[in-house]
Amino acid sequence: MKNEGIEGTERFLSLDRGRGLRAVRHFAVGEMVFACPAYSYVLTVNERGAHCEHCFTRKEDLFKCGKCKQAYYCNIDCQRGDWPMHKVECVAMCAYGENWCPSETVRLVARILLKQRVTTERTPSEMLLLLKEFEAHLDKMDSEKEEMNQTDIAALHHFYSRHLGDLPDDQALTELFAQVNCNGFTIEDEELSHLGSAVFPDVALMNHSCSPNVIVTYNGTVAEVRAVQEISPGDEIFNSYIDLLYPTEDRKERLLDSYFFTCQCTECTTKSKDEEKMKIRKLSFPPKPEEIRSMVHYAKNVIEEFRRAKHYKIPSELLEMCELSQEKMGTIFADTNVYMLHMMYQAMGVCLYMQDWDGAMSYGEKIIQPYSVHYPAYSLNVASMYLKLGRLYLGLERQAQGVKALKKALAIMEVAHGKDHHYVAEVKREIEEQK
């Protein structure tokens, strides 16, 4: 299928990867390849009152929906714009009150079903790939994923069937949830805080690489795809589906578990960054291979344990978990080892939550340099860390360091977000205010 809607690219059959997207002209670093409005999206519950439900604008003087009193908007135009999607959720929230608690995925699927009822033609989000063409990989799902799917379907029936009317049968819903789980996107702000979930069909067409030549950022509810490497005519356009901090085996496990394929990109075949990412502390007696393997096993377990603990432990207990795990891993791993960095990042997040600014800054200073080595150029993870550090420095009246860090963030953001993005304007304003 030849692309007629996104100039400069075309859909094609990619060798060993199925369908994909490739360039038909040259794209320079920082150049917009294409933009894709969300087919459907939902603001996360935690950001209600801070962001507009319709356009995701962040502002203080939002006004709330008069019926459910839980959705907030910039103005009457945004409220009207969102009403076709919000109305079913609004009625459901009013009906269930405090007992209304579907997951974000369930909320997103409800909106997709609502949109499919009123939209019969190809949307501006589907110039190259229709939502119904999404891979579901039902044959590759394990029992745990099947159980999660069934839980989501039950929640959809419970919270929405009265208000959405006749829902598709369970087989169709199973496929739709699997499609959304494999192809959905998390919308994040400039510090990589979670704002919501969405589906962007044309963005989902791109295949994965651990050394991507484009990056996806968000302008409200529009996904913007920009080149982070020179792209020549005929080159396939690759996005990254996962966090690229981790070593090859970890990335492969994650991709196989979440997206059901084994990555064969250059980074995975050469493993060029693995030695640096798995840096071992310089000791008088180097650890044996089995000791390193044992510590990697411990690190993976503690990362998973911490992920679960965030739901039930208090911040001081979480911080203690981070500190004890770093102490143990530090007997073998260098401070620049990615497993150490993972727990430092978690500790920094807890410190920020507890408003321990000095503690957060201390962790950020340890993280930033190794991040710059481990991640590809123009990484949002590196930019967000410079942003957090810069804002911490300014808050602690360390002006020179703050401005320097913000400028480093800005250099990445002007490529990743584009020079005209409102996040870029905000950072420029923060720098200007220090003069």
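What you see is a predicted model, and the numbers here were worked out from it, not measured in a lab.
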Apply the test side chain to side chain contact (heavy atoms under 4.5 Å, CB included) to residues R251 and C268: give CA-CA distance (whole Å), side-chain angles for both, the deciding distance (0.1 Å), then the verdict.
CA-CA 9 Å; R251 296 195 312 272; C268 283; 3.5 Å; yes

Would you mind reporting whether V338 and Y371 have side-chain heavy atoms less than 4.5 Å apart?
no

Smallest separation among heavy atoms of L114 and P84, with atom names:
CD2-O, 3.0 Å

Indicate whether any N or O donor in one side chain lies under 3.5 Å from an N or O acceptor in the other, for E426 and H421.
no

Does any donor atom in the side chain of T217 or E224 lie under 3.5 Å from an acceptor atom in the other side chain?
no

Given 3.5 Å as the limit, does a donor-acceptor pair link the side chain of D202 with the main chain of M127, or not?
yes

NZ or CZ of K64 within 45° of Y73 ring axis and under 6.0 Å:
no

If we only count heavy atoms from C-beta on, is the N381 to L192 side-chain gap below 4.5 Å?
yes

Evaluate side chain to side chain contact (heavy atoms under 4.5 Å, CB included) for S240 paired with H208, printing each intermediate quantity in order.
CA-CA 5 Å; S240 171; H208 165 86; 3.7 Å; yes

Given 3.5 Å as the limit, does a donor-acceptor pair link the side chain of R22 with the main chain of L13, or not?
no

Do V214 and M206 make a side-chain contact, defined as non-hydrogen atoms from C-beta onward lying under 4.5 Å apart?
yes

Flag if over 12 foreign heavy atoms under 6.0 Å of CD, E147
no

For atom NZ of K252, decide whether the heavy atoms of other residues, nucleotides or ligands shown that lie under 6.0 angstrom number more than 12.
yes

Electrostatic pair D274-K279, nearest N-O below 4.0 angstrom:
no

Taking T119's backbone N and O only, do any of them form a donor-acceptor pair with T123's side chain (distance below 3.5 Å, no angle check)?
no

Does the side chain of D152 come under 3.5 Å of the side chain of T105 through a donor N or O and an acceptor N or O?
no

Between S258 and L255, is there a donor-acceptor pair closer than 3.5 Å when you use the side chain of the first and the backbone of the second?
no

Is the shortest distance from a Lys or Arg side-chain nitrogen in E89 or R107 to a carboxylate oxygen in the other one below 4.0 Å?
yes

Would you say the ring centroid of H158 lies under 6.0 angstrom from that of Y96?
yes

Is there side-chain contact between E190 and R58, with heavy atoms separated by less than 4.5 Å?
yes

Test salt bridge (Lys or Arg N to Asp or Glu O under 4.0 Å) on E304 and K300 and set out the steps.
CA-CA 6 Å; E304 182 58 29; K300 288 182 177 180; over 6 Å; no

Quick test of your reading: applying side chain to side chain donor-acceptor pair (under 3.5 Å), list the pairs with at least one residue in residues 357-370, sequence neighbours left out, ordered by first then second residue.
E365-Y393

Residue pair L176 / L131, side-chain heavy-atom distance below 4.5 Å
yes

In the structure I gave you, are the side-chain heavy atoms of C78 and L62 within less than 4.5 Å of one another anywhere?
no

Side-chain donor-acceptor contact under 3.5 Å, Y375 with D243
yes

May I ask you to check whether E53 and H86 show a side-chain donor-acceptor distance below 3.5 Å?
no

For the pair N183 (side chain) and A204 (backbone), establish whether a donor and an acceptor sit closer than 3.5 Å, ignoring hydrogens and angles.
no

With no hydrogens and no angle check, do the side chains of T336 and E276 hold a donor and an acceptor under 3.5 Å apart?
no

Checking side chain to side chain contact (heavy atoms under 4.5 Å, CB included) for the pair D170/H157: CA distance, chi angles, key distance, verdict?
CA-CA 10 Å; D170 276 11; H157 277 283; 3.7 Å; yes

Nearest-0.5 Å distance, CD of residue E191 to CG of residue L352:
8.0 Å

Do E236 and N207 have side-chain atoms, one donor and one acceptor, less than 3.5 Å apart?
yes

R11 side chain to L128 backbone, donor-acceptor under 3.5 Å
yes

Output for pair (I153 CD1, L173 CG), nearest 0.5 Å, gives 5.0 Å

Check whether any side-chain heavy atom of Y246 sits under 4.5 Å from a side-chain heavy atom of K277, and report yes or no.
no

Under the 3.5 angstrom rule, does the side chain of S193 hit a backbone N or O of D189 as a donor-acceptor pair?
no

Closest non-hydrogen atoms of F177 and N149, given as atom of the first, atom of the second and distance, are CB-OD1, 3.1 Å

d(N46 CG, H194 NE2) to nearest 0.5 Å is 8.0 Å

Among F185, F200, F56, Y41, exactly one meets ring pair (Phe, Tyr, Trp, His ring centres under 6.0 Å) together with Y218. Which residue is that?
F200

Take a 6.0 Å sphere around CG of D420 and say whether it holds more than 12 heavy atoms from other residues, nucleotides or ligands.
no

May I ask you to check whether over 12 heavy atoms, not counting those of E144, lie within 6.0 Å of atom CD?
no

Side chains of E104 and T44: is there a donor and an acceptor less than 3.5 Å apart?
yes

Got a sec: does the CZ of R25 have more than 12 other heavy atoms crowding it under 6.0 Å?
yes

Hey, does the side chain of N219 reach the backbone of V222 with a donor-acceptor pair shorter than 3.5 angstrom?
no

Side chain to side chain contact (heavy atoms under 4.5 Å, CB included) assessment of T266 paired with S211
CA-CA 8 Å; T266 307; S211 181; 6.0 Å; no

Evaluate the side-chain proximity of R391 to V427: yes if any heavy-atom separation is below 4.5 Å, no if none is.
yes

Would you say the side-chain atoms of Y378 and Q229 include a donor-acceptor pair closer than 3.5 Å?
no

Counting only N and O atoms by type, is there a donor-acceptor contact under 3.5 Å from the side chain of E432 to the main-chain atoms of R429?
no

Is it true that a side-chain atom of S379 and a backbone atom of P376 form a donor plus acceptor pair closer than 3.5 Å?
no

How long is the span from the NZ atom in K87 to the SG atom in C68, to the nearest 0.5 Å?
14.5 Å

Do other residues, nucleotides or ligands put more than 12 heavy atoms under 6.0 Å from the NZ atom of K428?
yes

Once rounded to the nearest 0.5 Å, what's the spacing between atom CG of L129 and atom CD of E135?
9.5 Å

Tell me whether M148 at atom CE has more than 12 heavy atoms from other residues, nucleotides or ligands lying less than 6.0 Å away.
no

From S325 OG over to N301 CG, what is the distance, rounded to the nearest 0.5 angstrom?
12.0 Å

Would the number of heavy atoms belonging to other residues, nucleotides or ligands and lying under 6.0 Å from CD of E433 be above 12?
yes

